[in-house]
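Atoms within each ligand, like the ligands themselves, are counted from 1 in listed order.
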Amino acid sequence: MDLALTPAQVTLRDRARAFVVDVLQPLEIELERGGGRLPSETASDVRRAAIEAGLAGGELPREVGGRGWSVLEQVLVHEQYGQVTGGLWSFIPGAYDVLRHADAEQRRRYLEPSLRGERFGAYAVTEPGAGSDARTLATTAVRDASSGDWLINGEKWFVTGSANTDFMIVQATVVEGEERRPTLFLVDYDTPGVRMTADPDYMHTYADRHPQFVLEDVRVPDSARLGDVGAADDLTNEWFVTERIHIGARCFGAMERLIALAVEWATGRVQFGERIFDFQGVSFPLANSAADASAARLLTREAAWLADSGADRKVVHAKASLAKLFASEAAFICADRVLQVFGGRGYMRDNPAERYLRELRVDRIWEGTSEIQRLIIARSLERRGVGRVVG
Ligand SMILES: Cc1cc2nc3c(=O)[nH]c(=O)nc-3n(C[C@H](O)[C@H](O)[C@H](O)COP(=O)(O)OP(=O)(O)OC[C@H]3O[C@@H](n4cnc5c(N)ncnc54)[C@H](O)[C@@H]3O)c2cc1C
């Protein structure tokens, strides 16, 4: 792996850093105090600024209107997004990269307006009865023989998106006789039969919400099918792998900021006539987190580099799980240590360490829990060989 960044990659990283520091970080307290909400004019200003900064749609290929960043370039940017609390980076216009498989009409209706910050999508896989084990998803899509339309029935939970979200990519099982094939559909929220049943609050105060939906006889045309019948597992797994790498990168970014804040504070704070940084009880936990952060950064960049170099997809899958598992667990511990270094001030909501401690917890749950990452890694050790997973 070549660890040196090209001048273009450095420029991209610095552009993302400037956007995070100048535009997003100043909004953190307002978002926290507003329960995850910003005034709509502020949100529009952020979206416009993100488009002007060349950050919208970075993950999508140029052919479909994105910026065509390599996975390593995506990581460099997400390392910066991790430096802001409240998930504020989610205001940057974009779309789930599964939409690269959209046909021309779907691009016009969903992808292009998403990249302009005019439409907002969610990805609905999880159900009340099926989380880690997606093989047991109960949402069905049945073809109406007379019209060719699909009738979708089911319930989806944790459907993440901004308050303006207006469509979801639904994973449903197409039932044709004995055959059951997982398939994706694009469903507008205003389609008859789509009903939001709950919009719960969570541990974090995020810009995104995670509501629950019931879909009852939701009729969509065949043109709403995203990809082939039976393609959903492959398409969703493709998204999981990239998203796990992004999570690893954001967790590294969070750790970098947390450690910087802690060092700044601890080298200035005096107790018992000495800087608290000079007590090893304070500085050694930070040294441990510095080691963790460096390892998380390397693991994540390695997974990205392998993905970009066309390595065996199964090995990339295992490496993405390694990166997410390590980075998310280390980042949570780092937030806890940094909160402790701040003492009582660390427990205040205006302190980033307090917010990070609540926010980083979910990185051990979504896009596959830590236990599921361990399952993937353990299986790969046996099937791909230890040398290819850890080497
Ligand atoms: C804030 C938030 C946002 C989310 N956003 C989305 C979204 O946008 N779209 C979406 O589809 N989903 C989303 N999810 C759902 C998320 O992906 C699931 O919560 C996650 O996959 C776990 O599923 P579950 O909650 O049903 O837990 P379960 O699968 O019921 O697991 C419960 C516990 O059992 C453990 N466990 C399960 N199986 C095994 C096993 N084989 N070995 C060892 N341990 C096991 C798990 O690790 C976990 O600790 C979101 C969740 C949250 C909290």
Please work out whether any backbone atom (N, CA, C, O) or any side-chain heavy atom from C-beta onward of D133 is under 4.0 Å from ligand 1, and answer side chain, backbone, both or neither. neither

Given that the side chain starts at C-beta and the backbone is N, CA, C, O, which of these parts of V125 lies under 4.0 Å from ligand 1, counting heavy atoms, or is it both or neither? both

Sort and list the pairs that fulfil side chain to side chain donor-acceptor pair (under 3.5 Å) and have at least one residue in residues 378-391, not counting sequence neighbours. D312-R388

Determine if the distance from atom 53 (C) of ligand 1 to the closest protein heavy atom is below 4.0 Å. yes

Would you verify that at least one protein heavy atom lies under 4.0 Å from atom 23 (O) of ligand 1, or report that none does? yes

Nearest protein heavy atom with distance in Å, relative to [atom]:
atom: atom 31 (O) of ligand 1; answer: S132 OG, 3.7 Å
atom: atom 14 (N) of ligand 1; answer: F158 CB, 3.3 Å
atom: atom 16 (C) of ligand 1; answer: T126 OG1, 3.9 Å

Considering all heavy atoms of both residues, which atom of R225 and which atom of F185 are nearest to each other, and what is their separation? CA-CD2, 3.9 Å

Under 4.0 Å from any heavy atom of I365, which atoms of ligand 1 are there? 19 (O), 20 (C)

Please work out which of E371, K156, E243 has its closest non-hydrogen atom nearest to atom 49 (O) of ligand 1. E371

Assess the side chains of D222 and W150: does a donor N or O sit below 3.5 Å from an acceptor N or O? yes

